[in-house]
Amino acid sequence: MTTRAPKGTIDVLPPESAAWRRLLRAFDSLAERYGYGLALTPLFEATELFARGVGEETEIVSKQMYSFTDKAGRALTLRPEATASVVRAYLQEGRTGVLKCAYSGPMFRYEQPQAGRRRQFYQVGVEYLGEPSPDADVEVVEVGYRLLEELGIRGVMVLLNSLGDPEDRVEYRQLLRAYLAERADLLSEDSRRRLDTNPLRVLDSKADVAVVAEAPATLDHLGPEAAAHFAAVRLGLERRGIPYEIAPRLVRGLDYYNRTVFEYQARSYTAAQDALGGGGRYDPLAELLGGPPIPGVGLAMGVDRIVAAMPEEGGEGSLGVFVVLADPGRRAEALDLVAMLRAAGVSADLDLGERSVKAQFKVAGRRGAAVAAVVGAEWAEGRVTVRAMADGEEETVPIAEVAAWAQAR
RNA sequence: GUGGCCGUAGCUCAGAUGGUUAGAGCGCCAGGUUGUGGCCCUGGAGGUCGGGGGUUCGAGUCCCCUCGGUCACCCCA
């Protein structure tokens, strides 16, 4: 083996990829049911988009970007997240009003890989643009929650906080900075540096939990509007039956958030990086990108982590019929039968190698086929032998009835 | 970027003090059952011992470097 997948990237192949497919399909149908259309945006963007949108002082922008210059000297970056792109597209297309859309795909961050963290990772997410109502926040939180629920993940908890509005934060920031400055000698080096640039980031620093435990909380310094918004979000979540916990130190690592921020955790997934997803409201973002004020709220779910948290799928593949060629002279007929089944909506396959009947049955079992259909001498009378792989029940039926026989299993 | 642990067949791993042709289980292929899987039996294929350099008569085994994996810090999905 000369070349391997780059550090921090993975290959996902069958049968493990079945869980990924299940997740992607569940998300796709969920997003559609909640009224989110599909958004496709580039995997790379102008570096400036993330610098301005995500924030110069964030970990992501200051040291985790996969940046490069193209042949014309443009400064580009592989997207570390998708929200900035979606908002950019909204602005670029001159959209107004509400836009609800969903996306899925790889994101890139140059980090040391560890459990739950890779350099290329996958996210599914939704963005609800142009809507300031707290009910939009509730809906977005619900989409992520239902996804985890539908995938059978147990013990999901939503962590919820409000950062308030930018104007609330001016005052709060001074309070926090004063509090932290008094204890600067106890802070980690990183946190001390952030004291001036972005004191909120200190709140979720693991190194400084002790110092930060008694720090003033954003929740105690919300303006009347932000406070009402937060109360409405809580009420909405309760009405939807979504369990949540108030998490006063949850600030999240992107600068564009205001008001609602949230994360999902699950009992079945414990690692240092344990957020299965997260998001929040980002009303300031559109203006940061040079556009008019456009409210928005969104979420991103970490596909890699969710797959790791999903219960093991008992059943194997979803193959309906595996066609066994018992008479090599009838290869063309076997191919016809497979085509016929596929056209009838039954998943069907066969082994194209010249292998023994026994070997073909083995493959049928391994592929998780519900039924094996033998193409042999009985084809001359227009019949094939079908066998239910689970219990060995066997019967010889007319060719035209194979699909129905299989569907009944 | 920093640190701990690890790197022998496709997978999971054995290979005390360096010593002849590197092993097992599982998986894979074939046969036993001339048209039938999951059990059993037999046989077979498959290994630059991560890579490079060094010590030595001799290195999977010792030393150095390097690459990779994994977990953690930082931070996040």
Side-chain angles (χ1 to χ4, degrees), chain A residues 1-10 13 54 57-64 79-83 104-125 144 188-191 193-194 201-208 250-254 261-265 269 271-279 298-309 316 322 324-328 330 351 353 355-369 371-379 384-394 396:
Chain A
M1 187 53 138
T2 51
T3 307
R4 318 173 33 96
K7 186 182 180 80
T9 68
I10 53 159
L13 301 172
V54 175
E57 260 307 307
T58 61
E59 292 292 314
I60 294 174
V61 170
S62 62
K63 49 190 195 195
Q64 301 174 354
R79 63 179 188 189
E81 58 109 40
T83 302
S104 63
M107 307 294 161
F108 307 86
R109 297 199 325 209
Y110 192 91
E111 303 185 88
Q112 275 318 311
Q114 70 181 81
R117 191 167 74 187
R118 294 196 247 270
R119 290 183 173 179
Q120 174 170 335
F121 58 102
Y122 295 79
Q123 289 187 336
V124 297
S188 62
E189 194 181 324
D190 278 341
S191 291
R193 186 173 52 77
R194 278 193 285 253
R201 303 286 321 125
V202 179
L203 284 181
D204 70 355
S205 162
K206 280 184 192 169
D208 302 307
L250 180 66
V251 296
R252 305 192 48 75
L254 290 69
V261 293
F262 57 90
E263 269 183 22
Y264 305 86
Q265 290 181 2
Y269 185 71
Q273 317 304 322
D274 60 356
L276 295 181
L299 91 106
M301 305 296 289
V303 175
D304 311 57
R305 293 180 188 176
I306 295 173
V307 167
E316 300 160 30
F322 192 88
V324 171
L325 180 59
D327 173 2
R330 300 189 196 274
D351 190 307
R355 314 173 72 193
S356 68
V357 170
K358 176 180 180 165
Q360 292 180 68
F361 265 90
K362 236 178 149 170
V363 173
R366 199 165 49 228
R367 293 280 298 274
V371 170
V374 181
V375 172
E378 59 274 52
W379 187 273
V384 309
T385 301
V386 285
R387 176 186 175 88
M389 296 298 284
D391 56 13
E393 182 195 355
E394 207 164 286
T396 299

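All chains are named by letter (A, B, ...) in the order of the sequence lines, taking the proteins before the strands, and each is independently numbered beginning at 1. All values derive from a computational prediction rather than experimental measurement.
Note on Gln112(A): a base of the nucleic acid sits closer than 4.0 angstrom, heavy atoms only. Note on Gln360(A): nothing from the nucleic acid sits closer than 4.0 angstrom, heavy atoms only. Within the nucleic acid shown, Ile306(A) has no heavy atom closer than 4.0 Å to any nucleic acid atom. Ala364(A) comes within 4.0 angstrom of nothing in the nucleic acid, heavy atoms only. Note on Gly116(A): a base of the nucleic acid sits closer than 4.0 angstrom, heavy atoms only. Lys362(A) comes within contact range of the sugar-phosphate backbone alone, with a heavy-atom separation under 4.0 Å but no base atom that close. Among the atoms of the strands shown, none is found under 4.0 Å from any heavy atom of Gly353(A). Glu111(A) comes within contact range of at least one nucleobase, with a heavy-atom separation under 4.0 Å. Residue Ala390(A) is classed as a base contact, given a heavy-atom separation below 4.0 Å to a base. Residue-level contact check: Arg330(A) touches neither bases nor backbone, having no heavy atom under 4.0 Å from any strand. Within the 4.0 angstrom heavy-atom criterion, base atoms lie near Ala377(A).
The main-chain N or O of Arg117(A) is never found under 3.5 Å from a side-chain atom of Arg305(A) such that the two would form a donor-acceptor pair. Remark: the backbone N or O of Glu111(A) is paired with a side-chain donor or acceptor of Arg119(A) at under 3.5 angstrom.
Taking the O4'-C1'-N9-C4 or O4'-C1'-N1-C2 dihedral as appropriate, rA72(B) has a value more than 90° from 0 and is therefore anti.
In this structure, the aromatic ring of Tyr122(A) is not positioned over the six-membered ring of the base of rA77(B) within 5.5 Å between centres and 30° between planes.
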(Q) side chain to side chain contact (heavy atoms under 4.5 Å, CB included) for Phe108(A) and Thr9(A)? Distances and angles first, verdict last. (A) CA-CA 10 Å; Phe108(A) 307 86; Thr9(A) 68; over 6 Å; no
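Considering only side-chain N and O atoms, Arg252(A) lies under 4.0 angstrom from the phosphate OP1 or OP2 of rA77(B). Remark: Gln114(A) is not in phosphate contact with rC71(B), judged by side-chain N or O atoms under 4.0 Å from OP1 or OP2. Between Arg118(A) and rG69(B), a side-chain N or O to OP1/OP2 separation shorter than 4.0 Å is absent. The phosphate of rG35(B) has neither OP1 nor OP2 within less than 4.0 Å of any side-chain N or O from Arg387(A).
When each of Arg355(A) and Glu378(A) is assigned the nucleotide of RNA chain B with its nearest heavy atom, Arg355(A) is the one assigned upstream, toward the 5' end.
Side-chain to base pairing of Gln273(A) with rA72(B): no donor and acceptor N or O lie closer than 3.5 Å to each other. Residue-to-nucleotide contacts include a donor-acceptor pair under 3.5 Å from the side chain of Arg117(A) to the base of rC75(B).
For Ala275(A), whose side chain is taken as the heavy atoms from C-beta onward, the closest listed nucleotide among rG31(B), rA72(B), rA77(B) is rA77(B).
Whole-Å rounding puts the Arg79(A) CZ to rA77(B) C1' distance at 13 Å.
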